[in-house]
Amino acid sequence: QSPWYLKRQMLAFMEGRRGAHPEDTFGQQMAAIAKTLPDQAAVDALVAYIDSLSGHTPERTVKGNTKKGEDYYTMVCGSCHGPKAEGNELLDSPALAGVDDWYLVRQFELFRKGIRGADDKYGRQMVMMAPALPTDEDVTNVVSYIQSLAEK
Ligand code: HEC
């Protein structure tokens with residue numbers, strides 16, 4: 001994941017813009033840990049270290065209709081997240097390819113239910129986008145396509 005996005009998420013956890021919702025149990029765990037960091041310099045150091053670790057393509061755990069997912073992705077997601085799901089910093093949109101598929105599904109669900117993103121100007125964009133994939137099957141298909149981009 002890109003350093004600019006990791007940093008923004010760490011600060012969001014520290015400042016209560018992510019992981020504050022009562023139903024976001026995993027986010028709360030991360031917020032509690034993030035709050036133990038003393039300052040921004042510590043966040044910068046951590047993000048630099050994480051960036052130095054070599055990336056790997058995560059294992060596929062989600063199986064959907066990749067072709068249907070491609071159509072949806074190209075129509076509704078690619079304009080912000082990039083044609084190869086590589087992310088676009090100018091549009092504040094993180095890379096999706098190369099992130100664990102089960103995590104993408106979970107985050108999408110959280111945005112759809114308003115559990116993630118409501119307290120954050122970046123997250124709110126996704127809360128607004130989430131109805132574009134109304135069913136669990138749609139989400140599975142799109143995430144299946146994103147995983148195929150990472151495997152190329
Ligand atoms: C208007 C631009 C825009 C569009 C269109 C968009 N997104 Fe996003 N997306 C964002 C932004 C901005 C974030 C970062 C939110 C944050 O910082 O919490 C994001 C975050 C995400 C995340 C969380 C990633 C992570 O590592 O936590 C997922 C999953 C996601 N988007 C999936 C999708 C899918 C699937 C689509 C198509 C249905 C889509 N997005 C369409 C702007 C967009």
Side-chain angles (χ1 to χ4, degrees), residues 1-31 33-35 40 43-44 46-47 50-51 53 55-152:
Q1 193 45 280
S2 314
W4 62 265
Y5 179 71
L6 291 179
K7 179 172 180 182
R8 199 175 80 203
Q9 297 309 304
M10 285 301 292
L11 294 176
F13 282 121
M14 288 167 89
E15 292 162 4
R17 282 176 284 111
R18 189 173 168 190
H21 194 286
E23 286 173 51
D24 189 2
T25 32
F26 297 118
Q28 283 171 20
Q29 290 176 25
M30 192 52 219
I33 298 286
K35 285 182 181 125
Q40 275 217 30
V43 174
D44 288 339
L46 268 175
V47 168
I50 293 168
D51 192 41
L53 302 171
H56 71 288
T57 303
E59 224 164 283
R60 175 183 288 273
T61 68
V62 173
K63 289 195 180 76
N65 184 321
T66 304
K67 180 71 192 102
K68 277 191 187 158
E70 176 175 6
D71 293 342
Y72 265 114
Y73 182 85
T74 308
M75 275 188 300
V76 275
C77 319
S79 54
C80 288
H81 288 283
K84 304 252 176 283
E86 73 278 29
N88 183 338
E89 186 175 4
L90 291 175
L91 294 178
D92 304 313
S93 305
L96 301 175
V99 177
D100 282 291
D101 53 6
W102 54 267
Y103 179 78
L104 295 177
V105 171
R106 193 162 79 202
Q107 296 314 302
F108 202 89
E109 300 294 317
L110 292 176
F111 287 125
R112 202 158 59 180
K113 293 179 184 153
I115 294 173
R116 176 176 167 188
D119 303 324
D120 179 60
K121 68 171 177 174
Y122 305 108
R124 269 199 295 273
Q125 295 187 45
M126 267 314 291
V127 174
M128 271 159 37
M129 277 316 297
L133 301 182
T135 69
D136 292 348
E137 199 187 331
D138 296 330
V139 177
T140 305
N141 292 345
V142 169
V143 168
S144 194
Y145 174 64
I146 293 169
Q147 173 71 17
S148 75
L149 292 172
E151 288 166 355
K152 271 178 190 159

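Fair warning: this is a prediction, and the values are worked out from it, not measured in the lab. Throughout, residue positions are numbered sequentially from 1 according to the sequence presented. Counting convention: from 1, in listed order, for ligands and their atoms alike. Hydrogens, waters and symmetry mates are skipped; everything else that's a heavy atom, side chains included, is used.
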For ligand 1, which part of [X] has a heavy atom less than 4.0 Å away: the side chain, the backbone, both, or neither?
| X | answer |
| --- | --- |
| Y103 | side chain |
| Y5 | side chain |
| L104 | both |
| V143 | neither |
| C77 | both |

Polar contacts were defined as any N/O atom of the residue lying under 3.5 Å from an N/O atom of the ligand; does this apply to [X] and ligand 1?
| X | result |
| --- | --- |
| R18 | no |
| R116 | yes |
| Q107 | no |

Hey, looking at atom 2 (C) of ligand 1, which of C80, P94, S93 has the closest heavy atom?
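Among C80, P94, S93, the closest heavy atom to atom 2 (C) of ligand 1 comes from C80.
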
Using heavy-atom distances only, which candidate in F108, Y145, Y72, Y122 approaches atom 35 (C) of ligand 1 most closely?
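Among F108, Y145, Y72, Y122, the closest heavy atom to atom 35 (C) of ligand 1 belongs to F108.
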
Report yes or no: does Q9 have a heavy atom closer than 4.0 Å to ligand 1?
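Q9: in contact with ligand 1 (<4.0 Å).
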
C77 to V142 - nearest heavy-atom pair and separation:
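What the structure gives for the nearest pair is SG-CG1, 4.3 Å.
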
Where M126 and H81 come nearest, the two heavy atoms and their spacing:
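Heavy atoms of M126 and H81 come nearest at SD-NE2, 4.2 Å.
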
Against heavy atoms of F111, which atoms of ligand 1 measure under 4.0 Å?
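This gives 21 (C), 22 (C), 23 (C) as the contact atoms.
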
What are the atoms of ligand 1, with element, lying closer than 4.0 Å to any heavy atom of Q125?
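So the answer, numbered in order with elements, is 1 (C), 2 (C), 12 (C).
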
Scan R17, R18, Q1 and name whichever one has a side-chain hydrogen bond (donor to acceptor under 3.5 Å, both in side chains) with Q9.
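When side-chain hydrogen bond (donor to acceptor under 3.5 Å, both in side chains) is applied between Q9 and each of R17, R18, Q1, only R18 qualifies.
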
Please say which of T66, T140, D71 ends up in a side-chain contact (heavy atoms from CB on, under 4.5 Å) with Y145.
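Filter result, single survivor: T66.
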
Tell me whether atom 8 (Fe) of ligand 1 has H81 as a neighbour, meaning an N, O or S atom of it below 2.8 Å.
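For H81, the answer is yes, given that an N, O or S atom comes within less than 2.8 Å of atom 8 (Fe) of ligand 1.
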
Presence of N, O or S from M126 under 2.8 Å of atom 8 (Fe) of ligand 1:
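Checking M126: at least one N, O or S atom is under 2.8 Å.
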
I want to check something: taking the side chain as every heavy atom from C-beta on, are M14 and V43 in contact at a cut-off of under 4.5 Å?
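Result yes, sub-4.5 Å side-chain heavy-atom pair found.
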
Hey, are the side chains of Q29 and F26 touching, using non-hydrogen atoms and a 4.5 Å cut-off?
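In contact.
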
So, are R60 and D101 salt-bridged, with charged N and O less than 4.0 Å apart?
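Salt bridge absent between R60 and D101.
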
Is R106 paired with E109 through a side-chain N to carboxylate O contact shorter than 4.0 Å?
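Here E109 does not pair with R106 in a salt bridge, since their nearest N and O are not under 4.0 Å apart.
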
N88 side chain to S93 side chain, donor-acceptor N/O pair below 3.5 angstrom:
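No, S93 and N88 have no side-chain donor paired with an acceptor closer than 3.5 Å.
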
Short side-chain donor-acceptor distance under 3.5 Å, S144 and N141:
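Judged by distance alone, the side chains do not pair up.
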
Of the protein's non-hydrogen atoms, which lies at the shortest distance from [atom], and what is that distance?
| atom | result |
| --- | --- |
| atom 12 (C) of ligand 1 | D92 O, 3.2 Å |
| atom 5 (C) of ligand 1 | V76 O, 3.1 Å |
| atom 17 (O) of ligand 1 | R8 NH2, 2.7 Å |
| atom 28 (C) of ligand 1 | L96 CD2, 3.6 Å |

Point-to-point distance, once rounded to the nearest 0.5 Å, from OG1 of T61 to CH2 of W102
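One finds 8.0 Å between OG1 of T61 and CH2 of W102.
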
Atom NZ of residue position K63 - does it have more than 12 heavy atoms of other residues, nucleotides or ligands inside 6.0 Å?
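12 or below, so no.
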
